[in-house]
Amino acid sequence: MADKRVFLSLPQLSGQEQKYIQRALNDNWITSGGPNVTDFENDLEAYHGNEVFVAALNSGTSAIHLALILLKVKAGDEVICQSMTFSASANPILYQGATPVFVDSETETWNICPESLEIAIKSRIDKGKKPKAIIAVHLYGMPYKVDEVHAIAEKYAIPVIEDSAEALGSHYKGKKCGTFGMYGIFSFNGNKIITTSSGGALVANSKELKEKAIFYATQSRDEAIHYQHSEIGYNYRMSNVCAGIGRGQMKILNSNLESKKQIHDFYVDLFTDINEITVFKSASSDYNSNYWLSTILIEPNQNINKDILLQAFEKANIESRPLWKPMHLQPLFCNYPYYGNKVSEDLFNKGLCLPSGTNLDDSEKTRIKDVINKLFKE
Ligand SMILES: *Cc1c(COP(=O)(O)O)cnc(C)c1O
């Protein structure tokens with residue numbers, strides 16, 4: 001019999017989800033909002049030291065969209081976005097009819113490059129358009145250069161939307177990711193560090209902004225007995241059933257983070273003697289990644305490159321995947337302005353994501369080891 005497929009990252013259940021889902025069913029509260037949603041928001045706020053205000057939504061993408069709406073980004077405006085990311089960071093800019101301006105990465109964190117960011121801001125201002133927001137991403141859970149990026153944002157008075165979709169539990173200089181920006185966002189999609197099946201959250205720094213986000217997320221209903229609307233509304237609120245899953249998931253967030261770190265250590269160990277491969281890790285103790293996915297760079301030579309490695313894994317029924325393809329190289333986005341060099345392009349050409357599921361077991365690790373030993377040690 002063929003070996004079972006090893007996936008990049010599968011959800012891990014705590015066993016307590018059922019209890020909270022059952023509560024939603026018992027209460028006959030299976031629509032959006034509700035007691036589980038409020039409790040899940042409280043859990044997330046408590047996890048972040050009760051220093052922020054969290055609105056639970058139906059996806060991370062909706063959270064980014066609402067952040068842009070709260071910042072009054074409109075048609076014709078420009079928004080800076082890290083180029084190396086998942087398309088969901090950039091799509092909401094187009095939803096608003098605004099123009100994305102993409103910025104390259106730097107090599108230490110793989111995230112938005114402060115130098116290229118400042119060049120981009122100056123250039124757009126020279127062209128007569130000051131960007132309305134900056135979307136910076138903690139890719140693969142690795143914090144971006146928070147101090148540098150936020151210093152530039154402050155210098156030009158441009159708000160930062162912190163795409164922390166992959167970075168729940170990461171921290172920078174001891175402060176949790178998702179809490180640095182004017183707005184932060186999380187995703188609880190099936191493959192993220194915890195899941196609500198599908199879901200996300202917007203992090204705001206005041207109760208008023210949280211409530212405004214919920215107002216937009218629930219169809220912008222004005223206060224009236226009848227349905228009355230003076231602003232565009234959205235159906236973006238998290239369902240009470242999904243929030244039940246989220247409540248159960250919060251119980252294993254810390255153990256998931258530990259497992260992710262152990263998987264990262266497994267890869268560091270596996271690749272120590274292989275010169276062509278470097279495991280992506282924190283540049284210094286300031287950067288604490290949740291290692292949502294373990295990733296590597298392969299320096300190509302005549303025997304090895306990322307495609308050869310990907311195919312070798314595939315033959316053993318093990319999933320690996322190239323890094324996010326930068327937005328400025330995507331057919332949808334390639335005609336928008338781009339500032340940078342070829343850092344993100346180079347990362348894309350050399351990088352792979354490796355199986356990082358918290359449920360990765362010893363026999364699966366052995367299969368991964370075997371592929372590597374066969375390629376490099378024989
Ligand atoms: C997953 C992800 C999103 C979107 O989250 P969804 O919940 O899937 O809508 C946004 N940005 C990044 C970087 C992501 O990885």
Side-chain angles (χ1 to χ4, degrees), residues 8-11 32 37 40 44 54-69 79-96 100 102-103 105 109-112 133-144 149 160-170 177-178 180-181 183-203 213 217 234-239 242-243 245-246 249 256 260 280 289-295 321-328 330 332-333 344 347-348 351 353 356-357:
L8 218 53
S9 186
L10 289 177
S32 66
V37 175
F40 183 50
L44 286 165
V54 175
L57 303 170
N58 61 1
S59 75
T61 311
S62 338
I64 298 172
H65 191 196
L66 287 186
L68 293 172
I69 291 165
V79 174
I80 289 182
C81 183
Q82 180 169 322
S83 182
M84 188 156 188
T85 185
F86 178 45
S87 64
S89 305
N91 278 329
I93 302 170
L94 299 185
Y95 301 168
Q96 287 306 95
F102 293 108
V103 172
S105 293
T109 76
W110 297 5
N111 293 312
I112 196 162
I134 297 165
I135 300 174
V137 188
H138 305 293
L139 217 58
Y140 302 113
M142 183 64 72
Y144 59 77
V149 169
V160 175
I161 298 170
E162 195 188 345
D163 183 343
S164 207
E166 303 174 359
L168 181 65
S170 297
C177 290
F180 293 102
Y183 295 103
I185 76 101
F186 291 117
S187 167
F188 311 114
N189 199 4
N191 59 355
K192 297 282 162 51
I193 202 105
I194 61 164
T195 184
T196 57
S197 80
S198 172
L202 182 78
V203 180
Y234 302 84
N235 186 2
Y236 280 175
R237 193 74 163 126
M238 181 176 280
S239 107
C242 292
I245 302 176
Q249 288 275 291
N256 281 359
K260 293 284 185 185
F280 180 42
S289 175
N290 65 8
Y291 292 114
W292 168 58
L293 291 183
S294 282
T295 56
R321 210 179 281 171
L323 302 183
W324 297 121
K325 182 176 178 176
M327 292 305 113
H328 72 280
Q330 299 283 357
L332 174 64
F333 291 116
S344 56
L347 292 170
F348 174 64
C353 305
S356 310

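Just so it is clear, the values below take in all heavy atoms, side chains as well, and ignore hydrogens, waters and symmetry mates. Predicted model, so just to flag it, every value in this text is computed and none were measured. Just follow the structure's listing: the first ligand is 1, and inside any ligand the first atom is 1.
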K.L.:
Considering only the protein, which heavy-atom contact is closest to atom 9 (O) of ligand 1, and what is its distance?
P.N.:
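Protein heavy atom at minimum distance: T61 OG1, 2.4 Å.
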K.L.:
At under 4.0 Å between heavy atoms, which part of I185 makes contact with ligand 1: side chain, backbone, both or neither?
P.N.:
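Neither; no heavy atom under 4.0 Å.
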K.L.:
For atom 11 (N) of ligand 1, grab the closest protein heavy atom and report residue, atom and distance to one decimal in Å.
P.N.:
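Its nearest protein heavy-atom neighbour is D163 OD2, 2.8 Å.
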K.L.:
Below 6.0 angstrom between ring centroids: does that apply to F188 and F40?
P.N.:
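They qualify: ring centres under 6.0 Å apart.
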K.L.:
Relative to the heavy atoms of S187, which atoms of ligand 1 are at a distance of less than 4.0 Å?
P.N.:
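Reading through ligand 1 atom by atom, the close ones are 1 (C), 5 (O), 6 (P), 7 (O), 8 (O).
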K.L.:
Are a donor atom and an acceptor atom from the side chains of E166 and W324 found within less than 3.5 Å of each other?
P.N.:
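Side chains of E166 and W324: pair found under 3.5 Å.
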K.L.:
Atoms of ligand 1 less than 4.0 Å from A88 heavy atoms?
P.N.:
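Listed by number with element: 3 (C), 4 (C), 10 (C).
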K.L.:
Report yes if the distance between the aromatic ring centroids of F333 and H328 is under 6.0 Å, otherwise no.
P.N.:
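Between H328 and F333, which both carry aromatic rings, the centre distance is not below 6.0 Å.
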K.L.:
Any donor-acceptor pair under 3.5 Å linking the side-chain atoms of S170 with those of H138?
P.N.:
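Their side chains do not contain a donor-acceptor pair, so the 3.5 Å distance test is not met.
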K.L.:
Looking at G199, which atoms of ligand 1 are within less than 4.0 Å of one of its heavy atoms?
P.N.:
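In order of numbering, the contacting atoms are 7 (O).
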K.L.:
Just which atoms of ligand 1 are under 4.0 Å from any heavy atom in S59?
P.N.:
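With S59 as reference, the close atoms of ligand 1 come out as 7 (O), 9 (O).
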K.L.:
Give, for atom CD1 of I112 and atom CD1 of I80, the distance between the pair rounded to the nearest 0.5 Å.
P.N.:
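Result: 6.5 Å between the selected atoms.
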K.L.:
Could you give the distance from NZ (K325) to OG (S87), rounded to the nearest 0.5 Å?
P.N.:
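OG of S87 is found 12.0 Å from NZ of K325.
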K.L.:
Once you measure the plane-to-plane angle for Y234 and H65, does it fall in the parallel (<30°), tilted (30-60°) or perpendicular (>60°) bin?
P.N.:
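Rings of Y234 and H65: perpendicular, as their planes differ by over 60°.
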K.L.:
Among all the protein's non-hydrogen atoms, which is closest to atom 8 (O) of ligand 1, and how far away is it?
P.N.:
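Going by distance alone, atom 8 (O) of ligand 1 is nearest to N189 ND2, 3.3 Å.
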K.L.:
Which ligand 1 atoms are under 4.0 Å away from a heavy-atom of V137?
P.N.:
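Per the distance check, 13 (C).
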K.L.:
Roughly how far, to the nearest 0.5 Å, is CG of L202 from CZ of F186?
P.N.:
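It is 10.5 Å, given to the nearest 0.5 Å.
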K.L.:
Is there a nitrogen or oxygen of W292 sitting under 3.5 Å from a nitrogen or oxygen of ligand 1?
P.N.:
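In fact, backbone or side chain, W292 has no N or O that close.
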K.L.:
So how far is it from D163 CG to I185 CD1, rounded to the nearest 0.5 Å?
P.N.:
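CD1 of I185 is found 4.0 Å from CG of D163.
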K.L.:
Looking only at non-hydrogen atoms, which of Q82, H138, K192 approaches atom 1 (C) of ligand 1 most closely?
P.N.:
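The residue whose heavy atom sits nearest atom 1 (C) of ligand 1 is K192.
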K.L.:
Which one holds for A165 and ligand 1: side chain close, backbone close, both close, or neither close, with close meaning a heavy atom under 4.0 Å?
P.N.:
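Within the 4.0 Å criterion, A165 contacts ligand 1 through side-chain atoms alone.
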K.L.:
Nearest to atom 15 (O) of ligand 1, what protein heavy atom do you find, and at what distance?
P.N.:
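Minimum-distance protein heavy atom for atom 15 (O) of ligand 1 reads E166 OE2, 2.5 Å.
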K.L.:
When rounded to the nearest 0.5 angstrom, what distance separates CG in L139 from CG in L347?
P.N.:
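One finds 9.5 Å between CG of L139 and CG of L347.
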K.L.:
Below 4.0 angstrom from a heavy atom of S89, which ligand 1 atoms are there? Numbered from 1 as shown, please.
P.N.:
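In order of number, 11 (N), 13 (C).
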K.L.:
Of all the heavy atoms in S62, does at least one lie under 4.0 Å from an atom in ligand 1?
P.N.:
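Outside the 4.0 Å threshold, so no.
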K.L.:
Go through ligand 1 atom by atom and flag the ones less than 4.0 Å from a non-hydrogen atom of T85.
P.N.:
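This gives 13 (C) as the contact atoms.
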